[in-house]
Chemist: 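I'd like to ask you about the structure that follows.
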Amino acid sequence: MAGQTLYDKLWQDHLVKSREDGTALIYIDRHLIHEVTSPQAFEGLRLAGRGLWRKDSLVATPDHNVPSERAERAGGVAGIRDEVSRIQVQTLDENCNDFEVVQFGINEPGQGIVHVIGPETGATLPGMTVVCGDSHTSTHGALGALAHGIGTSEVEHVMATQCLIQKKMKNMLVRVDGELGPGVTAKDVVLAIIGKIGTAGGTGYAIEFGGSAIRNMSMEGRMTICNMAIEAGARAGMVAVDQVTLDYVNGKPYAPKGEQWERAVENWSRLHSDADAVFDAVVELAAEEIEPQVSWGTSPEMVASVNARVPDPAAEADQTRRTGIERALEYMGLSAGQAIGDIRLDRVFIGSCTNSRIEDLRAAAAVAKGRRKADSVKQVLVVPGSQSVKAQAEQEGLHEIFTAAGFEWREPSCSMCLAMNADKLGAGEHCASTSNRNFEGRQGYGGRTHLVSPAMAAAAAVAGHFVDVREFVAAGETA
Amino acid sequence: MKAFTQHQGLVAPMDRANVDTDLIIPKQFLKSIKRTGFGPNLFDELRYLDEGAPGQDCSQRPLNPDFPLNQERYRGASVLLARKNFGCGSSREHAPWALDDYGFRAIIAPSFADIFFNNCFKNGLLPIVLDEDTVAQLFEEMYAQEGYALTIDLEQQQVVKPDGTTIPFEVDSFRKHCLLNGLDDIGLTLEDADAISAYEAKRREQAPWLFDAVK
């Protein structure tokens with residue numbers, strides 16, 4: 001019998017019951033909730049007279065709607081100016097009180113983007129099944145967990161039963177071997193992967209990311225990669241547990257301690273694919289060939305190297321793809337064959353569950369240090385992913401580097417990734433963004449998003465247009 | 001959940017690939033704490049010429065005449081014909097809620113994103129996967145014939161065209177069972193409460209750190 005993949009093992013470990021019709025009941029260890037996708041689930045429980053199956057499995061925090069602007073944020077929930085947003089955050093408060101769910105409230109030390117606070121507190125751990133009514137739940141797979149987004153009906157289902165009705169996904173291995181060049185980051189790797197397999201390439205699969213480039217990556221880099229598995233169509237992305245994982249988890253507030261830690265480590269040591277495991281699909285990339293990436297279109301697969309050009313739809317043979325490129329170029333206000341480096345930016349956003357962790361902020365600060373944003377760039381937002389990241393960054397003085405560069409240092413929230421709070425693009429504005437989606441209107445009505453790494457975003461903020469961060473840093477350029 | 005057995009309805013096109021959930025229902029409407037009322041904002045950015053806000057009276061907004069759902073011939077459509085990877089992006093169930101609230105009962109496409117596909121079944125909305133050539137053929141026929149309607153028979157797992165020819169489709173037996181009978185799957189799962197408790201007790205013993213850690 002062939003060996004098992006990491007996903008096979010995680011699935012098997014959580015299998016409560018297999019049914020004859022091919023579905024299975026899968027047990028959920030950790031359920032993260034936020035204000036946007038939970039109110040209707042709590043309401044459903046109330047209407048049906050149901051309670052929570054296991055209260056201690058839930059952790060809540062408001063992130064999508066909370067203001068990033070300091071003065072507004074200081075007023076707490078009551079201070080949120082947008083009434084509809086305020087009601088949604090208040091509703092989370094009320095539901096957490098009524099159902100006795102642990103919540104990291106709007107200005108409490110544990111608050112942050114749900115996918116940032118899970119790993120950093122140890123609320124999400126290796127070997128867990130993790131769900132959340134949010135597609136970027138795949139982030140937690142970086143710990144060697146089975147983590148994926150669910151809809152609100154499933155949120156209610158997990159609340160009431162601690163289980164999900166699932167069909168097993170297929171196994172895909174994305175292997176990135178070799179050494180990444182200087183200035184090339186996890187974000188560039190995952191954008192290159194999506195560019196290669198497409199936004200539906202991983203549909204129906206759980207993706208395991210492996211290979212020496214992933215092994216040599218920090219946990220935060222692995223989170224960036226797994227975060228965007230959903231942008232390749234895969235609900236779940238994951239990385240095998242190794243020493244990097246253990247070193248990261250050890251000492252986290254909710255991680256096991258003492259004798260329990262020893263037991264956990266022993267338990268987690270099997271969380272990798274067996275050498276003879278069989279994958280339904282294998283995709284390989286050479287790390288050396290990956291360059292800093294910039295998305296030019298309205299789908300994360302529409303991505304190119306910073307030194308490349310915007311594609312010409314005429315060169316595309318497939319009719320549907322050709323129309324897709326034409327429509328994207330029209331929306332983005334770009335012309336076929338235009339150099340990526342000629343795209344001028346109106347705003348820059350550094351943040352989101354993809355790239356708002358301390359290493360991301362350090363990378364952006366390293367580029368911003370001693371430089372200033374270009375006058376033509378209206379605004380550069382730096383939004384730390386959590387209160388803890390914010391505190392760490394301030395301790396390291398990163399906020400001073402940013403403010404000296406003319407960047408705005410904000411409060412933890414999802415912010416301009418999806419523009420549910422006040423941070424948004426104006427129609428037609430181009431934004432270099434470290435977020436995960438460049439869909440039409442995502443960052444604001446008519447807004448034009450270009451997905452990049454934190455270092456590339458900072459360099460674009462200084463130059464006013466896209467530049468290859470490798471040459472930019474080497475040349476010691478300033479605006 | 002409302003049951004889905006058989007449905008006959010006018011077909012409308014959403015003729016582009018990779019329609020994401022931000023396009024189906026933009027983020028500003030996700031601030032609602034209800035499950036209903038999303039219909040007027042379905043495809044908001046394509047459907048209207050201005051920027052929509054929650055709580056607005058959409059009947060006063062300027063319509064985009066080029067958008068099919070605004071055209072007389074597609075008025076009252078309840079079957080959406082789409083291209084591949086429909087529903088990609090976020091997990092927001094507001095997307096199927098909006099489609100349902102507008103009046104759609106079924107969506108036909110060559111492929112769907114996983115989370116969206118799953119969310120549809122929870123709301124009595126039937127996503128049907130047909131191969132790309134068949135979908136292309138349906139698009140042609142629909143454009144050629146005003147009032148083009150399809151009958152969807154879930155029990156028989158077939159789409160019946162106006163000329164009476166049928167196209168078979170696949171559907172998971174569990175999902176089919178739930179849809180046909182309008183079943184609440186939480187109730188079904190709770191029938192296995194003993195199995196869940198037994199699993200949980202075993203897990204608590206094997207991995208105690210997973211319990212009562214966050215207080």
Side-chain angles (χ1 to χ4, degrees), chain A residues 16-17 19 21-23 25 27 29 36-37 39-40 48 50 56 59 65 84-85 87-88 91 102 123 125 127-128 133-135 149-154 156-157 160-163 165 167 199-200 203-204 233 235 254 256 260 264 267 299 320 323-324 327 418-420 437 439-442 445, chain B residues 16-18 20 22-23 26-28 30-35 45 51-52 54-55 83-85 88-94 96 111-116 118-119 122-123 172-174 177 184-190 192-193 195-196 198-200 203 206-215:
Chain A
V16 172
K17 186 179 176 178
R19 291 167 163 170
D21 57 20
T23 60
L25 273 186
Y27 188 83
D29 295 313
V36 181
T37 55
Q40 296 88 350
R50 291 178 175 130
D56 75 289
V59 173
N65 277 279
V84 203
S85 289
I87 291 172
Q88 204 167 48
T91 304
V102 171
L125 293 169
M128 274 184 169
D134 192 292
S135 60
I150 54 178
T152 297
S153 294
E154 287 186 320
E156 185 183 338
H157 192 280
T161 71
Q162 212 57 40
C163 290
I165 302 166
K167 264 199 143 170
T199 50
T203 304
R235 278 190 299 162
Y254 302 127
Q260 294 239 337
N267 185 300
S299 162
T320 314
T323 337
R327 188 180 285 121
L418 84 169
M420 279 190 77
R437 289 187 177 137
F439 297 154
E440 290 181 23
R442 169 86 177 178
Y445 184 74
Chain B
R16 60 201 272 177
N18 301 316
D20 58 72
D22 280 78
L23 208 57
K27 69 269 168 194
Q28 64 267 38
L30 272 48
K31 297 180 185 186
S32 166
I33 56 171
K34 302 194 181 105
R35 274 174 191 263
E45 294 183 4
E51 182 180 0
R83 299 288 183 181
K84 64 183 175 189
N85 200 28
C88 60
S90 97
S91 64
R92 60 186 71 165
E93 199 159 314
H94 312 68
S111 61
F112 293 88
D114 286 340
I115 303 178
F116 174 82
N118 198 33
N119 285 341
K122 312 285 182 188
N123 293 282
D172 286 350
S173 56
F174 176 72
H177 174 69
D184 161 14
D185 60 5
I186 294 179
L188 288 178
T189 299
L190 287 174
D192 283 319
I196 301 170
Y199 170 89
E200 198 165 51
R203 186 139 182 88
Q206 289 168 347
W209 59 87
L210 296 175
F211 294 80
D212 302 314
V214 182
K215 291 188 181 103

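Everything numeric here is computed off the predicted structure, so don't read it as measured data. Proteins come first, then strands; the chains are lettered A, B, ... in the order of their sequence lines, and each starts at number 1.
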Chemist: In terms of heavy-atom pairs under 4.5 Å with chain B, which of Gln162(A), Met128(A), Arg19(A) leads?
Modeler: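 Top option by heavy-atom pairs under 4.5 Å: Arg19(A).
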Chemist: Thinking salt bridges, do Asp184(B) and Arg50(A) make one under a 4.0 Å N-O criterion?
Modeler: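 Yes.
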Chemist: Look up atom OG1 in Thr203(A) and atom CZ in Phe112(B), then write down how far apart they are to the nearest 0.5 Å.
Modeler: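 Going from OG1 on Thr203(A) over to CZ on Phe112(B), the span is 12.0 Å.
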Chemist: Could you have a look at Asn85(B), Asn123(B), Asp20(B) and say which one has the most heavy-atom pairs with chain A under 4.5 angstrom?
Modeler: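 If we count pairs closer than 4.5 Å to chain A, Asp20(B) comes out on top.
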Chemist: Measuring heavy-atom distances to chain B, does Val59(A) have an atom under 4.5 Å in its side chain, in its backbone, in both, or in neither?
Modeler: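 The side chain, not the backbone.
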Chemist: Does a side-chain heavy-atom distance below 4.5 Å link Thr23(A) with Asp172(B)?
Modeler: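 Thr23(A) vs Asp172(B): side chains apart.
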Chemist: Among Pro54(B), Gly52(B), Gly89(B), which has the most heavy-atom pairs under 4.5 Å with chain A?
Modeler: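 Result: the option with the highest number of such pairs is Gly89(B).
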Chemist: Consider only side-chain N and O atoms of Asn267(A) and Gln206(B), and report whether a donor and an acceptor are under 3.5 Å apart.
Modeler: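 Asn267(A) vs Gln206(B): no donor-acceptor pair found between side chains.
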Chemist: Hey, are the side chains of Lys17(A) and Ile196(B) touching, using non-hydrogen atoms and a 4.5 Å cut-off?
Modeler: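 Contact flag for Lys17(A)/Ile196(B) side chains = no.
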Chemist: What distance do Arg92(B) atom CZ and Asp134(A) atom CG have between them, rounded to the nearest 0.5 Å?
Modeler: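 The distance works out to 9.5 Å.
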Chemist: Sort Asp185(B) into side chain, backbone, both or neither according to what part of it lies under 4.5 angstrom from a heavy atom of chain A.
Modeler: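 Contact with chain A is through both the backbone and side chain of Asp185(B).
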Chemist: Please classify the contact between Thr91(A) and chain B as side chain, backbone, both or neither, with a heavy-atom cut-off of under 4.5 Å.
Modeler: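 Answer is side chain: those atoms of Thr91(A) sit under 4.5 Å from chain B.
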Chemist: Less than 4.5 Å apart, side chain to side chain, heavy atoms only: is that true for Val214(B) and Asp56(A)?
Modeler: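 The answer is no; the side chains never approach within 4.5 Å.
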Chemist: Closest approach of Glu440(A) and Glu45(B), non-hydrogen atoms and distance?
Modeler: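 It is O-OE1, 3.8 Å.
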Chemist: Just checking, any donor-acceptor pair under 3.5 angstrom between side chains of Tyr27(A) and Glu200(B)?
Modeler: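 Yes, because at least one side-chain N or O of Tyr27(A) sits under 3.5 Å from a partner of the opposite role on Glu200(B).
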Chemist: I need the residue from Ser91(B), Ala213(B), Ser111(B) with the largest number of non-hydrogen atom pairs under 4.5 Å to chain A.
Modeler: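 Heavy-atom pair counts peak at Ser91(B).
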Chemist: Does any heavy atom of chain B fall under 4.5 Å from the side chain of Val102(A), the backbone, both, or neither of them?
Modeler: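 Answer is side chain: those atoms of Val102(A) sit under 4.5 Å from chain B.
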Chemist: Do you see a donor-acceptor pair shorter than 3.5 Å between the side chains of Glu93(B) and Thr37(A)?
Modeler: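 Per modelled atom types, Glu93(B) and Thr37(A) side chains form no pair under 3.5 Å.
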Chemist: Select one option (side chain, backbone, both, neither) describing which atoms of Asp212(B) are under 4.5 Å from chain A's heavy atoms.
Modeler: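 For Asp212(B), heavy atoms of backbone and side chain both lie under 4.5 Å from chain A.
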Chemist: Examine whether an atom of Thr320(A) lies under 4.5 Å from a heavy atom of chain B, and if so say whether it belongs to the side chain, the backbone or both; otherwise answer neither.
Modeler: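 Only the side chain of Thr320(A) comes within 4.5 Å of chain B.
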Chemist: Considering only heavy atoms from C-beta outward, does the side chain of Glu156(A) approach that of Ile186(B) to under 4.5 Å?
Modeler: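 Counting from C-beta outward, Glu156(A) and Ile186(B) do come under 4.5 Å.
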Chemist: Counting heavy-atom pairs under 4.5 Å to chain A, which of Ser90(B), Ser173(B), Ala17(B) comes out on top?
Modeler: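 Of Ser90(B), Ser173(B), Ala17(B), Ser90(B) has the most heavy-atom pairs under 4.5 Å with chain A.
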Chemist: Under 4.5 Å heavy-atom distance to chain B, tell me which part of Ile150(A) shows up: side chain, backbone, both or neither.
Modeler: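 The answer is the backbone of Ile150(A).
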Chemist: For Asp22(B) and Phe439(A), indicate whether the former's side chain and the latter's backbone hold a donor-acceptor pair under 3.5 Å.
Modeler: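 Looks like no, no N/O pair under 3.5 Å.
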Chemist: Please classify the contact between Phe116(B) and chain A as side chain, backbone, both or neither, with a heavy-atom cut-off of under 4.5 Å.
Modeler: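 Contact with chain A is absent: no heavy atom of Phe116(B) under 4.5 Å.
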Chemist: Tell me, side chain or backbone of His94(B) under 4.5 Å from chain A's heavy atoms, or both, or neither?
Modeler: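 Only the side chain of His94(B) comes within 4.5 Å of chain A.
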Chemist: Check the pair Arg437(A), Cys88(B) against side chain to side chain contact (heavy atoms under 4.5 Å, CB included), reporting the backbone distance first and the verdict last.
Modeler: CA-CA 11 Å; Arg437(A) 289 187 177 137; Cys88(B) 60; over 6 Å; no
Chemist: Mind ranking Ser85(A), Gly127(A), Ala48(A), Ala160(A) by heavy-atom pairs under 4.5 Å with chain B and telling me who comes out on top?
Modeler: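 It is Ser85(A).
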Chemist: Compare every heavy atom of Gln88(A) with every heavy atom of Leu30(B), then report the nearest pair and how far apart it is.
Modeler: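 Taking every non-hydrogen atom into account, O-NE2, 2.8 Å.
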Chemist: With a 4.5 Å heavy-atom cut-off, do Val16(A) and Asp192(B) have their side chains touching?
Modeler: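 They are not in side-chain contact.
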Chemist: Tell me, for Ala193(B) versus chain A, whether the close heavy atoms (under 4.5 Å) come from the side chain, the backbone, both or neither.
Modeler: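 Answer is both: backbone and side chain atoms of Ala193(B) are under 4.5 Å from chain A.
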Chemist: Count the heavy atoms of every other residue, nucleotide or ligand shown that sit under 6.0 Å from NZ of Lys34(B), and state whether that count exceeds 12.
Modeler: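 Counting other residues, nucleotides and ligands, NZ of Lys34(B) stays at 12 neighbours or fewer.
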Chemist: Should Lys27(B) and Asn65(A) count as side-chain neighbours, where that means a heavy-atom distance under 4.5 Å?
Modeler: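 No; the side chains remain at least 4.5 Å from each other.
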Chemist: Does any backbone or side-chain atom of Pro208(B) lie under 4.5 Å from a heavy atom of chain A? Answer side chain, backbone, both or neither.
Modeler: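 Contact with chain A involves both backbone and side-chain atoms of Pro208(B).
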Chemist: Does some side-chain heavy atom of Lys31(B) sit less than 4.5 Å from a side-chain heavy atom of Pro39(A)?
Modeler: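 Pro39(A) vs Lys31(B): side chains apart.
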Chemist: Contact between Ser135(A) and Ile115(B) at the side-chain level, heavy atoms closer than 4.5 Å - yes or no?
Modeler: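 With C-beta onward as the side chain, the pair touches.
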Chemist: Within this structure, what is the CG-CD distance for the pair Leu210(B) and Gln260(A), rounded to the nearest 0.5 Å?
Modeler: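 Between atom CG of Leu210(B) and atom CD of Gln260(A) there are 9.5 Å.
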Chemist: With a 4.5 angstrom heavy-atom cut-off, which part of Gln28(B) approaches chain A: side chain, backbone, both or neither?
Modeler: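 Contact with chain A: none, neither part.
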